[in-house]
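Working notes for the structure below.
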Amino acid sequence: MPSRESWPGHKASRSAVHRAKQESRQQDFLLAALGMKLGAQKSSVTIWQPLKLFAYSQLTSLVRRATLKENEHIPKYEKIHNFKVHTFRGPHWCEYCANFMWGLIAQGVKCADCGLNVHKQCSKMVPNDCKPDLKHVKKVYSCDLTTLVKAHFTKRPMVVDMCIREIESRGLNSEGLYRVSGFSDLIEDVKMAFDRDGEKADISVNMYEDINIITGALKLYFRDLPIPLITYDAYPKFIESAKTTDPDEQLEILHEALKLLPPAHCETLRYLMAHLKRVTLHEKENLMSAENLGIVFGPTLMRAPELDAMAALNDIRYQRLVVEMLIKNEDILF
């Protein structure tokens, strides 16, 4: 005689019960995920397990977003080491090959930015992974741009960000903005404040009422860079774009020239050009067109690499044109 479990009616009944239990379980999960209170007869496992899964998924999402946001603010710029011949006191080992550094004087080289100690011959093989330490980077002005942003974990130098914010908050309508010079002693005072206090430097209207002091401090920062914002390597390509007469070809060459800039330089140039474009939108009040800003910023952002005085003087008009083109086509080039 067939068993009770093999009866067709019993099988259908079991299937219906199973479906009902599955639907009930899905409803419980949905209710728990929505944070709705279940009856007391339900077990605590049924209530809390989906809540844990839901909370975990939300937490993971928040952490992922926070990590992405953090990564946006900590760019991974590549930087070569700034090695200088060094005499070490006491026994020292090379941090690249791990061998002893022999000799009494000038046993090896030391990175002035991160403190890495290696043999002179090993320095040629060390990867470009310098991570500048603030104890070695003691100033803001006259410091290599990439070194500064890596040491402070920022996209751009804080001088650029802070000065531009201050200028845009209260100076866009100031007549002759960037053309009119501020009092030189107070500009030097701003420079010392940044070197001493970094991002905590106070450049507010309470300290410096004249906006031309802030614009002067920003221009001085770019003039003091050991490697100009538009680097020596990229300089010939930028000048080539200014010498070209065809507008489409000009933009094409400029685009190629921008690729030659180190990432930190390119990002800072992009930010500055976007700011200067906004300055031109207030031209009726400040009388500063893209052409006028090009005259001011051309020699500030570009320096001819090892050219004689006559050639450098001849390049000034092309430097002006380069900056003017960058401002006018900021939205296309960057």
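Reckoned from all heavy atoms, side chains included, excluding hydrogens, waters and symmetry mates.
- Interatomic distance, S184 OG to I213 CD1, rounded to the nearest 0.5 Å: 10.0 Å.
- Of all heavy-atom pairs spanning C122 and C94, the tightest one is SG-SG, 3.8 Å.
- Considering only heavy atoms from C-beta on, Q250 stays 4.5 Å or farther from T245 through its side chain.
- Grouping the Ile, Leu, Val, Met, Phe, Trp and Tyr side chains by contacts below 4.5 angstrom, directly or via other members, places L218 apart from V180.
- At a threshold of 4.5 Å between side-chain heavy atoms, the hydrophobic network of Ile, Leu, Val, Met, Phe, Trp and Tyr places V159 and I227 in two separate groups.
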Show your working on side chain to side chain contact (heavy atoms under 4.5 Å, CB included) between F194 and M162 and close with a plain yes or no. CA-CA 10 Å; F194 274 115; M162 290 174 65; 3.7 Å; yes
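- Closest approach of L225 to C143, counting heavy atoms only: CD2-O, 3.6 Å.
- Without hydrogens or angle criteria, N329 side chain to M325 main chain gives a donor-acceptor distance under 3.5 Å.
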Just distance, no hydrogens or angles: give the donor-acceptor pairs under 3.5 Å from side chains in residues 200-207, sequence neighbours left out.
unit_1: D202; atom_1: OD1; unit_2: S204; atom_2: N; d: 3.1
unit_1: D202; atom_1: OD1; unit_2: S204; atom_2: OG; d: 2.8

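- When hydrophobic side chains of Ile, Leu, Val, Met, Phe, Trp and Tyr are connected at separations under 4.5 Å, V85 ends up clustered with F83, Y96, V109, L116, V118, M125, V126.
- The heavy-atom pair separating H282 from L172 by the smallest distance is CB-O, 3.5 Å.
- Two residues are said to be in side-chain contact when any heavy atoms from C-beta on lie closer than 4.5 Å; R170 and I211 meet this criterion.
- Taking OG1 from T146 and CG from N128, the interatomic distance works out to 11.0 Å, rounded to the nearest 0.5 Å.
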Could you go through the side chain to side chain contact (heavy atoms under 4.5 Å, CB included) check for I316 and L313 one step at a time? CA-CA 6 Å; I316 289 177; L313 194 63; 3.8 Å; yes
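- Under a cut-off of 6.0 angstrom, the local environment of CD1 in I80 is sparse, with at most 12 non-hydrogen atoms contributed by other residues, nucleotides or ligands.
- Not a single donor-acceptor pair under 3.5 Å links the side chain of H92 to the backbone N or O of M101.
- Heavy-atom contacts from other residues, nucleotides or ligands closer than 6.0 Å to CD of E199 number 12 or fewer.
- The two residues C130 and K150 have their closest heavy-atom pair at O-NZ, 2.9 Å.
- Using a 4.5 Å cut-off between side-chain heavy atoms of Ile, Leu, Val, Met, Phe, Trp and Tyr, with links allowed through other members, I253 and L258 fall into different hydrophobic clusters.
- Under the salt bridge (charged side-chain N to carboxylate O under 4.0 Å, His left out) criterion, D161 pairs with R156, sequence neighbours left out.
- Distance alone, capped at 3.5 Å, is enough to place a donor-acceptor pair between the E95 side chain and the N117 backbone.
- Between the side chain of T300 and the backbone N or O of V296 there is at least one donor-acceptor pair closer than 3.5 Å.
- Between the side chain of T231 and the backbone N or O of P228, no donor-acceptor pair lies under 3.5 Å.
- With hydrogens and angles ignored, the 3.5 Å screen pairs a side-chain donor or acceptor of N292 with a backbone N or O of L287.
- Remark: the backbone N or O of F88 is paired with a side-chain donor or acceptor of Q107 at under 3.5 angstrom.
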Verdict with supporting geometry, K191 and V140, side chain to side chain contact (heavy atoms under 4.5 Å, CB included): CA-CA 8 Å; K191 173 184 174 179; V140 172; over 6 Å; no
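- When atom types are taken as modelled, the side chain of D224 and the backbone of Y141 share no donor-acceptor pair closer than 3.5 angstrom.
- Within a 6.0 Å sphere centred on CD1 of I332, other residues, nucleotides and ligands contribute more than 12 heavy atoms.
- Hydrophobic cluster membership is shared by F238 and Y318, with clusters built from Ile, Leu, Val, Met, Phe, Trp and Tyr side chains linked at under 4.5 angstrom.
- In the displayed structure, L104 atom CG is contacted under 6.0 Å by at most 12 heavy atoms of other residues, nucleotides or ligands.
- Minimum interatomic distance between P226 and R303 (heavy atoms only, all atoms of both residues): O-NH2, 3.5 Å.
- In this structure, the side chains of V322 and S241 come closer than 4.5 Å at one or more pairs of heavy atoms.
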Side-chain donor/acceptor pairs under 3.5 Å, residues 268-275, sequence neighbours excluded:
unit_1: T268; atom_1: OG1; unit_2: A264; atom_2: O; d: 2.8
unit_1: R270; atom_1: NE; unit_2: E267; atom_2: OE1; d: 3.1
unit_1: R270; atom_1: NH2; unit_2: E267; atom_2: OE2; d: 2.8
unit_1: H275; atom_1: ND1; unit_2: E168; atom_2: OE2; d: 2.7
unit_1: H275; atom_1: NE2; unit_2: Y178; atom_2: OH; d: 2.7

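- Cluster partners of F100, by chain and number: W93, W102. The rule joins Ile, Leu, Val, Met, Phe, Trp and Tyr whenever side-chain heavy atoms lie under 4.5 Å apart.
- Side-chain contact check for L145 versus Y221: some heavy-atom pair is nearer than 4.5 Å.
- The minimum heavy-atom distance between S169 and E166, with the atom names listed, is OG-O, 2.8 Å.
- Between atom CG of residue L281 and atom CG of residue L276 there is a gap of 11.0 Å, rounded to the nearest 0.5 Å.
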Would H81 and S123 satisfy side chain to side chain contact (heavy atoms under 4.5 Å, CB included), going step by step from the backbone distance to the final call? CA-CA 9 Å; H81 290 274; S123 67; over 6 Å; no
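- Environment of NZ in K120: sparse, with no more than 12 heavy atoms of neighbouring residues, nucleotides or ligands closer than 6.0 Å.
- Annotation: the span from R317 atom CZ to I295 atom CD1 amounts to 13.5 Å, rounded to 0.5 Å.
- Between M302 and I239, the closest side-chain pair of non-hydrogen atoms falls below 4.5 Å.
- In terms of modelled atom types and a separation under 3.5 Å, the side chain of R165 and the main chain of V160 share no donor-acceptor contact.
- E291 CD to M288 CE: the interatomic distance, rounded to the nearest 0.5 Å, is 10.5 Å.
- Between K237 and E256 the shortest side-chain heavy-atom distance falls below 4.5 Å.
- Proximity of L293 to I327: side-chain heavy atoms (C-beta onward) are separated by under 4.5 Å at one or more points.
- Although no hydrogens or angles enter the test, the distance criterion places no donor-acceptor pair under 3.5 Å between the side chain of N286 and the main chain of G176.
- Hydrophobic clustering of Ile, Leu, Val, Met, Phe, Trp and Tyr side chains at less than 4.5 Å, counting indirect connections, keeps L260 apart from V323.
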Take Y235 and Q319, measure what side chain to side chain donor-acceptor pair (under 3.5 Å) needs, and give me the verdict at the end. CA-CA 9 Å; Y235 182 90; Q319 293 170 357; 3.1 Å; yes
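- Within 6.0 Å of the CD atom in E252, the count of heavy atoms belonging to other residues, nucleotides or ligands does not exceed 12.
- Scored by the side chain to side chain donor-acceptor pair (under 3.5 Å) test, N212 finds D210 as partners (sequence neighbours excluded).
- Within the model, atoms CD1 of I187 and CD1 of I214 stand 9.0 Å from one another, a figure rounded to the nearest 0.5 Å.
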